[in-house]
Number of protein chains: 2
Amino acid sequence: MNIADQTFPAVDNANEDRAQAIRDQLRDAIVDRRLAPGTKLSEGEVGTLFDVSRTVARAALQMLSFEGLVRTERNRGAFVANPSPEEARQVFASRRLIEPGIAIAAAGRMTPAHVVAFKAQLDEEGRFIAERGPSARRSEIKASGDFHLLLASVAGNVILQRFMEELVARSSLVIALYGRSGVSSCGHSEHMNILEALENGNSERASALMLHHIDHIEADLDLRVRSGPALRQALEF
Amino acid sequence: MNIADQTFPAVDNANEDRAQAIRDQLRDAIVDRRLAPGTKLSEGEVGTLFDVSRTVARAALQMLSFEGLVRTERNRGAFVANPSPEEARQVFASRRLIEPGIAIAAAGRMTPAHVVAFKAQLDEEGRFIAERGPSARRSEIKASGDFHLLLASVAGNVILQRFMEELVARSSLVIALYGRSGVSSCGHSEHMNILEALENGNSERASALMLHHIDHIEADLDLRVRSGPALRQALEF
DNA sequence: CCAAAAAAGATTGCATACGATTTTTGCGGG
DNA sequence: CCCGCAAAAATCGTATGCAATCTTTTTTGG
């Protein structure tokens with residue numbers, strides 16, 4: 001998979017920052033695996049694709065590098081991140097630490113409008129699971145992450161929300177690399193259970209369910225070091 | 001306080017990234033309040049001060065903007081962040097959620113070498129408290145934050161560690177703006193108690209002490225909206 | 001004398017240029 | 001046929017220039 005094979009919707013060049021728009025496009029592409037871990041993202045190529053100068057492309061790549069989605073090597077360029085098993089463990093350890101707390105905070109702030117938003121979210125999730133094809137699979141991955149992001153937004157802490165965005169994106173990379181069954185379809189029912197607890201204002205239960213949910217996601221990974229992880233890394237793939 | 005009044009140690013222009021070195025210098029200056037919240041950081045000025053082009057200065061400012069230490073407005077420039085009371089609350093809510101867990105993780109990984117490092121850290125902290133003068137006060141603030149960063153590094157999760165760096169830096173800004181007594185000197189003894197619990201491997205106690213410690217820091221803040229916060233913001237001060 | 005408009009000045013956003021470093025290619029020797 | 005080495009190409013790091021935007025000062029009309 002090469003970045004040159006990708007097509008990106010035209011950037012709605014408003015007064016908004018163009019670099020940010022490019023970052024969002026690239027992040028989406030990374031998160032739903034249209035760009036594989038290890039793919040090289042050269043400044044020139046990105047710039048050409050989005051029709052901006054290298055200056056702007058570089059800024060976008062720098063942003064992604066801060067989020068941990070891209071790794072940059074001096075004088076060599078930027079690559080879609082290739083998280084190690086250790087890094088993967090740390091991503092999930094972070095989520096185990098934070099998300100139960102987020103669930104508690106969210107439980108105390110749920111409004112009927114939130115419930116409606118969650119229901120719509122879960123419906124969409126279910127639709128993509130029912131569908132077939134790689135495109136639906138990608139959408140399913142994204143929707144699954146969006147559930148957690150929606151929860152974070154309900155919790156009402158912008159700082160934690162941004163951090164969760166980073167963690168969810170990185171999780172997606174990790175699952176792409178180490179996932180056994182792609183997406184655990186049991187995740188959907190767990191999401192529904194969590195929503196039910198949230199609806200009832202049962203924060204303790206929501207928190208406990210969330211913790212188990214994260215454990216289940218991580219349990220679906222195969223984090224044993226593969227034959228020659230150094231080699232893998234060296235081969236950039 | 002103006003950025004032009006500042007002096008910065010020469011950047012050890014190794015093969016290391018120069019933008020990163022500048023970011024570190026600026027971050028230190030912001031964290032120990034040599035640069036006041038609201039101070040304008042123009043690209044040209046920063047570039048001149050560090051003897052680099054605007055390109056590099058701009059990259060450094062972008063990094064700080066990601067960490068939340070600098071706020072950038074399009075076509076207007078970068079300013080040392082001026083966190084709102086709400087933002088301040090969110091910073092401490094995040095710390096309350098994360099640091100007790102970090103304490104638990106650290107308690108399980110303490111080695112004699114770590115204990116030595118902590119003792120040295122606390123000694124330094126104590127020295128600055130004893131000293132007088134604004135310079136010692138600044139060092140005290142920094143040392144107080146460094147305790148928390150040391151703890152995060154012992155916990156062994158790089159992702160959380162980076163996040164803690166952001167939170168500690170932002171806390172420093174918040175304390176600068178809303179702190180009643182500058183630095184609560186009782187913080188030092190609380191740090192010592194936490195270390196004691198860590199040394200004994202009493203993770204539960206370390207976690208509980210940490211939670212109270214954060215509560216105490218936040219309790220020392222005056223987060224009531226001041227007369228005309230909008231005005232304050234509008235006047236950039 | 002004051003308010004609004006206009007001009008001048010400063011600063012940012014972005015593109016481009018050039019030297020430095022890395023990677024690839026071409027070629028001769030083993 | 002394969003390997004090492006030098007030249008060429010590609011890519012990055014950084015400085016600089018120009019247009020666009022914002023700020024400040026000056027001018028002008030009431």
Side-chain angles (χ1 to χ4, degrees), chain A residues 2-6 8 10-26 35 38-66 70-81 233-237, chain B residues 2-4 6 8 10-26 35 38-66 70-81 231 233-237:
Chain A
N2 192 305
I3 185 179
D5 305 332
Q6 293 288 318
F8 293 98
V11 173
D12 72 335
N13 190 350
N15 51 1
E16 189 62 23
D17 212 346
R18 290 192 282 171
Q20 208 156 313
I22 293 172
R23 176 201 58 173
D24 292 343
Q25 300 270 131
L26 286 176
L35 287 170
T39 306
K40 166 146 201 191
L41 304 170
S42 93
E43 297 176 353
E45 222 165 348
V46 172
T48 306
L49 270 171
F50 289 97
D51 200 46
V52 294
S53 78
R54 270 203 319 123
T55 307
V56 177
R58 188 185 175 83
L61 291 172
Q62 193 191 355
M63 295 191 227
L64 289 167
S65 150
F66 277 119
V70 151
R71 161 181 49 93
T72 61
E73 291 174 31
R74 186 179 174 88
N75 277 320
R76 278 189 28 84
F79 305 83
V80 178
Q233 207 100 14
L235 295 176
E236 219 85 73
F237 202 74
Chain B
N2 192 303
I3 187 179
Q6 294 287 320
F8 292 98
V11 173
D12 72 336
N13 189 350
N15 50 0
E16 187 62 24
D17 211 345
R18 290 193 283 170
Q20 207 156 314
I22 293 173
R23 175 201 60 174
D24 291 343
Q25 300 271 135
L26 285 177
L35 288 171
T39 305
K40 167 146 200 193
L41 303 171
S42 92
E43 297 175 356
E45 225 165 345
V46 172
T48 306
L49 270 170
F50 289 97
D51 201 47
V52 294
S53 78
R54 272 183 45 223
T55 307
V56 178
R58 190 185 175 82
L61 290 172
Q62 194 191 354
M63 294 192 227
L64 289 168
S65 150
F66 277 118
V70 151
R71 160 183 49 93
T72 62
E73 291 174 31
R74 185 177 174 91
N75 278 321
R76 281 194 20 89
F79 305 83
V80 178
L231 176 66
Q233 208 100 14
L235 295 176
E236 219 84 73
F237 202 72

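In what follows, every heavy atom counts, from backbone to side chain, and hydrogens, waters and symmetry copies are set aside. Chain naming here is simple, since letters A, B, ... match the order of the sequence lines and numbering starts at 1 in each.
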- Counterpart residues, salt bridge (charged side-chain N to carboxylate O under 4.0 Å, His left out), relative to A/Asp24 (two or more places apart): A/Arg27
- Go along nucleotides 5-13 of chain D 5' to 3' and tag each nucleotide: B for a protein heavy atom under 4.0 Å from its base, S when only backbone or sugar atoms are that close, - otherwise. ------SBB
- Could you grab the distance from atom NZ of B/Lys40 to atom CD of B/Glu73, nearest 0.5 Å is fine? 9.5 Å
- Can you tell me if the side-chain N/O atoms of B/Ser53 get under 4.0 Å from OP1 or OP2 in D/dA15? yes
- Task: Output all residues satisfying side chain to side chain donor-acceptor pair (under 3.5 Å) with A/Glu43, sequence neighbours left out; order by chain, then residue number.
- Result: A/Arg54, A/Arg58
- Interatomic distance where CD1 belongs to A/Ile22 and P belongs to C/dC14 [whole Å]: 9 Å
- Query: Among B/Glu45, B/Gln25, B/Arg18, which one satisfies side-chain contact (heavy atoms from CB on, under 4.5 Å) with B/Phe50?
  - Reply: B/Gln25
- Just one of B/Leu64, B/Thr39, B/Leu26 clears the side-chain contact (heavy atoms from CB on, under 4.5 Å) bar with B/Val70, so which one? B/Leu64
